[in-house]
Amino acid sequence: MNCYVTRLGGDHNRNEFHCGRKSLDDWFRYQASQADRRQGSARVFVLVDDEIEDGNRPLGYYALVAHAIVLEDLPDGMGKGLPPNQPVGAVLLARLAIDEPYQHDSGLRLGETLLADVVRTVIEGDSHVATPLLIVDALDEDAAAFYERYGFVPFPDRPLRLGARLKDIRKTFGLD
């Protein structure tokens, strides 16, 4: 496979994408382009492979949005060194999904590939706009467990909301 991640474009065939979660499928098919290009409310990235028959068919995608959070909401230790009594900048990983035919091939590790790209993208943005935190709202406990394997910590009052300090997750992916 020759996979790479790129911004969602009009030539990407989203019609056949099916990850098994209707909310993720429908958003990707019907709203992702509008959110990314017209509204500017999210940035959407797709994982594609030039070597498959339809190289414009995404194997997966993720969406990032700007976010702010107050320190009192963070898990213990995550806010260490951040300014108190004011919102702190973060990036919210709003969506991440892999097309079903590619979900169960553990050798591909496409979820990890996308998450590593999320981290690289946020690090790149952090060089221009301070972004100390990466937050994700997992859809279920299985998804939360996936993020926890990479150093994300659940919020005390919302176990499906997880976060990681950018400086910590850089180390997890060897990007420091």
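- By the 6.0 Å contact criterion, CG on Asp157 is enclosed, its count of non-hydrogen atoms from other residues, nucleotides or ligands being greater than 12.
- For Tyr150, the ring-ring contact (aromatic ring centres under 6.0 Å, His included) test picks out Phe146, Phe173, with sequence neighbours left out.
- Put simply, CG on Leu47 and OG1 on Thr6 are 10.5 Å apart, with the number rounded to the nearest 0.5 Å.
- Put simply, CG on Asp50 and SG on Cys3 are 9.5 Å apart, with the number rounded to the nearest 0.5 Å.
- In this structure, Leu71 and Gly79 approach most closely via the heavy-atom pair CD2-CA, 3.9 Å.
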Margin query: Assess the residue pair Phe45 and Leu114 against the criterion (side-chain contact (heavy atoms from CB on, under 4.5 Å)); give the C-alpha distance rounded to whole Å, side-chain angles, the decisive distance to 0.1 Å, and a yes or no.
Written below: CA-CA 9 Å; Phe45 298 84; Leu114 279 179; over 6 Å; no
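- Rounding to the nearest 0.5 Å gives a distance of 13.5 Å between CZ of Arg57 and CZ of Arg14.
- Taking the charged nitrogens against the carboxylate oxygens, Arg29 and Asp26 do have a contact shorter than 4.0 Å, which makes a salt bridge.
- The two residues Gly111 and Ile98 have their closest heavy-atom pair at N-CD1, 3.8 Å.
- No side-chain donor-acceptor contact under 3.5 Å links Asp49 and Tyr4.
- By the 4.5 Å heavy-atom criterion applied to side chains, Phe152 and Ile135 are not counted as neighbours.
- Remark: Asp140 pairs with Arg21, Asp142, Ala143 by the side chain to side chain contact (heavy atoms under 4.5 Å, CB included) rule, at least two apart or across chains.
- A donor-acceptor pair under 3.5 Å is absent between the side-chain atoms of His128 and the main chain of Gly125, judged by distance alone.
- With rounding to the nearest 0.5 Å, the separation of NE2 in His18 from CG in Asn15 is 14.0 Å.
- Leu92 and Val122 sit in two unconnected hydrophobic clusters of ILVMFWY residues. Membership requires side-chain heavy atoms under 4.5 Å apart, directly or through other members.
- Contact detail for Leu160 and Ala144: the closest heavy-atom pair is CD2-CB, 4.0 Å.
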| Checking side-chain contact (heavy atoms from CB on, under 4.5 Å) for the pair Ile69/Leu133: CA distance, chi angles, key distance, verdict? | CA-CA 9 Å; Ile69 195 149; Leu133 302 170; 3.7 Å; yes
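- Asn13 places no side-chain N or O within donor-acceptor distance of the main-chain N or O of Asn56, the cut-off being under 3.5 Å.
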Pair Ile123-Leu166, side-chain contact (heavy atoms from CB on, under 4.5 Å): steps then yes or no: CA-CA 7 Å; Ile123 288 170; Leu166 195 56; 4.0 Å; yes
Requested in this report: Apply the test side-chain contact (heavy atoms from CB on, under 4.5 Å) to residues Trp27 and Arg95: give CA-CA distance (whole Å), side-chain angles for both, the deciding distance (0.1 Å), then the verdict.
Outcome: CA-CA 9 Å; Trp27 185 86; Arg95 290 170 177 79; 3.2 Å; yes
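- Within 6.0 Å of CD on Glu141 lie no more than 12 heavy atoms contributed by other residues, nucleotides or ligands.
- Atoms CZ and CZ, from Arg170 and Arg120 in turn, are 13.0 Å apart once rounded to the nearest 0.5 Å.
- Atom CG in Leu134 sits 11.5 Å away from atom CG in Asp168 (nearest 0.5 Å).
- Of all non-hydrogen atoms in Met78 and Gly163, the two that sit nearest each other are CE-O, 2.9 Å.
- Every residue meeting the ring-ring contact (aromatic ring centres under 6.0 Å, His included) condition with Phe28, not counting sequence neighbours, appears here in chain and number order: Phe17, Tyr61.
- Using a 4.5 Å heavy-atom cutoff, the side chains of Thr121 and Leu64 are in contact.
- For CD of Glu72, the number of neighbouring non-hydrogen atoms (other residues, nucleotides, ligands) closer than 6.0 Å is greater than 12.
- Val65 and Leu139 fall into different hydrophobic clusters, where Ile, Leu, Val, Met, Phe, Trp and Tyr side chains are chained together by heavy-atom contacts under 4.5 Å.
- Across all their heavy atoms, Glu100 and Gly20 have their closest contact at OE2-CA, 3.7 Å.
- Both Val153 and Phe155 are members of a single hydrophobic cluster when ILVMFWY side chains are connected at heavy-atom separations under 4.5 Å.
- Smallest separation of non-hydrogen atoms from Leu24 and Leu96: CD1-O, 4.2 Å.
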